[in-house]
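Since the structure comes first, as structure tokens, the remarks are kept for the end.
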Amino acid sequence: MPIGNRRLPLVLPRYSLTGDLLSFRRCPLQYRYLNGSKLPPSRPVQLWFGEFIHGVLEMSYRIWRDTTPRLSFPWPEHRADWRAEPDPTWATHDIGRIGYSVEQALRAQGKSSRDRDAREAAYRRAFRAVNDIGPHLFPLVVAAEEKIIGTRLVGGGPTQGRTDRYELHGIVDVLTSLTLGMVDRSNLIRTAIQDVTSGLNGNYEVIVDYKGARRPDLADPDRPYWQQGEWQVLTYAWLRGRQPGAIPVAAGVLLYINELSPGQDDIAAMKRALSSNNSDVLPAQGTADWYALTNWRPGLQIPALTDEFRFKRTIRVVPVDQSRVNAALSAFDSVVNEIEQCVTSELVAGTIERQWSPCGDEETCNACDCRYFCPHPAPRGPSLRPVEAPHAP
Ligand code: SF4
């Protein structure tokens with residue numbers, strides 16, 4: 001019997017939804033510098049806030065789940081300097097104690113807050129997230145930090161690259177199980193979901209994703225976060241449907257945590273959205289929230305917004321249906337195709353900078369570790385790279 005040559009093992013490129021695909025969308029060149037080279041960012045401060053909020057919410061949920069009788073809300077909060085151990089008299093569910101544990105874990109990975117103000121804002125928002133969202137979300141949770149994985153064809157036409165398939169993976173922050181069609185309007189999250197899935201009855205899952213950010217504007221050509229958030233939860237819904245034991249996913253919920261306790265930048269962005277009518281949740285003219293926003297000026301105290309308005313801005317429900325899921329999947333397939341094409345052209349050309357395009361977006365560049373060697377950082381001209389001194393004759 002003839003024995004053929006042993007085939008090379010099939011290795012599929014792995015792509016994470018948030019770590020790869022959304023990062024590439026933000027800036028292809030930054031993605032290549034950081035992810036392609038496997039270089040960790042030297043100052044991963046942007047990561048810190050999102051991971052801190054995720055960590056506090058996850059730990060709070062586990063404490064709530066494992067404590068009998070159930071802990072009632074609001075949970076207390078003491079605050080200490082990050083160097084000081086929590087006082088032993090603080091309760092285990094004290095948000096200062098939970099935050100301290102999360103902060104120490106992040107510090108061990110080299111991640112710390114940018115400054116005292118950023119740390120204060122993170123604790124303030126964590127406190128609001130646990131006490132405002134926790135009572136509605138925690139009773140609905142069936143799984144937290146659930147890994148999901150699947151394979152897909154690289155989209156957008158032939159890549160002539162390494163492979164025609166890729167592996168897509170992600171982590172769902174929270175999976176909830178709901179019986180839709182029941183009349184129960186005491187739970188804010190359940191009510192928001194029922195309002196956009198009104199024709200559905202029976203048992204469904206809902207995917208929840210925490211965003212350490214404000215609610216994005218509807219249209220922003222430079223930062224299309226509104227659309228990307230929708231693509232993310234719809235793709236999660238598709239991946240979840242491929243896991244054993246999954247039941248149909250009715251909706252994805254994005255929780256924009258900054259809206260619970262907005263800062264000056266968030267209020268300024270809200271005010272801009274109000275004047276350009278560029279958000280799906282804005283106060284009606286003549287309401288207390290409308291007056292609070294229109295009378296606010298940068299530097300003034302953060303205006304007091306009503307709970308109803310803050311919660312509406314926090315909770316976004318994306319209904320899941322096949323045509324929307326297909327659109328999201330094909331958008332991500334095309335991104336993978338673009339990445340694979342960049343990889344192939346880099347292999348042929350042997351250079352990075354012409355094969356991976358810079359974003360040129362001022363906000364992204366200002367927070368980017370690569371701006372000192374990037375050839376096209378915004379907004380300060382063509383390059384910040386040091387100029388070589390001329391050779392002495
Ligand atoms: S400086 Fe700007 S253009 Fe250059 S890699 Fe960073 S984000 Fe991209």
Side-chain angles (χ1 to χ4, degrees), residues 13-53 106 109-115 118 121 156 159 161 166 170 211-214 216-217 219-229 231-232 256 258 263 265-266 268-269 272 331-332 334-388:
R14 293 187 88 218
Y15 287 102
S16 139
L17 250 166
T18 47
D20 291 300
L21 304 189
L22 297 183
S23 301
F24 178 82
R25 271 271 181 251
R26 189 161 48 243
C27 176
L29 187 55
Q30 184 196 56
Y31 168 77
R32 172 61 183 89
Y33 283 145
L34 298 180
N35 296 46
S37 314
K38 299 288 175 222
L39 292 173
S42 60
R43 299 172 307 115
V45 285
Q46 303 116 291
L47 296 175
W48 184 83
F49 174 63
E51 293 193 18
F52 178 79
I53 292 289
L106 291 175
Q109 300 166 28
K111 297 169 192 165
S112 52
S113 60
R114 186 180 57 233
D115 51 34
T159 59
Y166 71 99
K211 294 282 178 211
R214 56 177 165 262
D217 288 347
D220 185 341
D222 295 326
R223 290 176 282 275
Y225 299 145
W226 180 258
Q227 190 180 48
Q228 288 176 359
W231 286 347
Q232 184 191 343
Y256 295 108
N258 283 25
D265 289 353
D266 303 317
R272 279 196 302 276
F332 276 127
S334 298
V335 177
V336 171
N337 184 299
E338 280 179 56
I339 298 176
E340 286 293 318
Q341 288 191 5
C342 292
V343 169
T344 307
S345 39
E346 183 187 328
L347 283 173
V348 172
T351 59
I352 293 177
E353 285 156 4
R354 294 221 176 133
Q355 324 310 325
W356 301 79
S357 47
C359 66
D361 173 57
E362 191 172 335
E363 198 176 298
T364 310
C365 292
N366 282 344
C368 176
D369 288 332
C370 312
R371 63 191 182 285
Y372 296 106
F373 55 86
C374 171
H376 304 290
R380 283 165 285 188
S383 179
L384 294 175
R385 289 197 282 198
V387 178
E388 263 184 48

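One-based numbering, in listed order, for ligands and for the atoms of each.
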Could you grab the distance from atom CZ of Arg114 to atom CZ of Phe49, nearest 0.5 Å is fine?
10.5 Å
Hey, is atom 2 (Fe) of ligand 1 within less than 2.8 Å of some N/O/S atom on Cys27?
no
Please check if the side chain of Arg32 supplies one atom and the backbone of Leu29 the other of a donor-acceptor pair under 3.5 Å.
no
In ligand 1, which numbered atoms sit nearer than 4.0 Å to a non-hydrogen atom of Pro358?
3 (S)
Modelled atom types, side-chain donor and acceptor of Ser345 and Gln341, under 3.5 Å
no
Using heavy-atom distances, let me know which of Cys370, Cys365, Cys368, Cys374 sits nearest atom 2 (Fe) of ligand 1.
Cys365
Taking 4.0 Å as the limit for heavy-atom contacts, which would you say applies to His376 with ligand 1: side chain only, backbone only, both, or neither?
backbone
Would you say Asp220's side chain and Asp217's backbone share a donor-acceptor pair under 3.5 angstrom?
no
In this structure, CD of Gln228 is separated from CZ of Arg25 (nearest 0.5 Å) by 7.0 Å
For atom 5 (S) of ligand 1, the closest protein heavy atom turns out to be Gln30 N, 3.6 Å
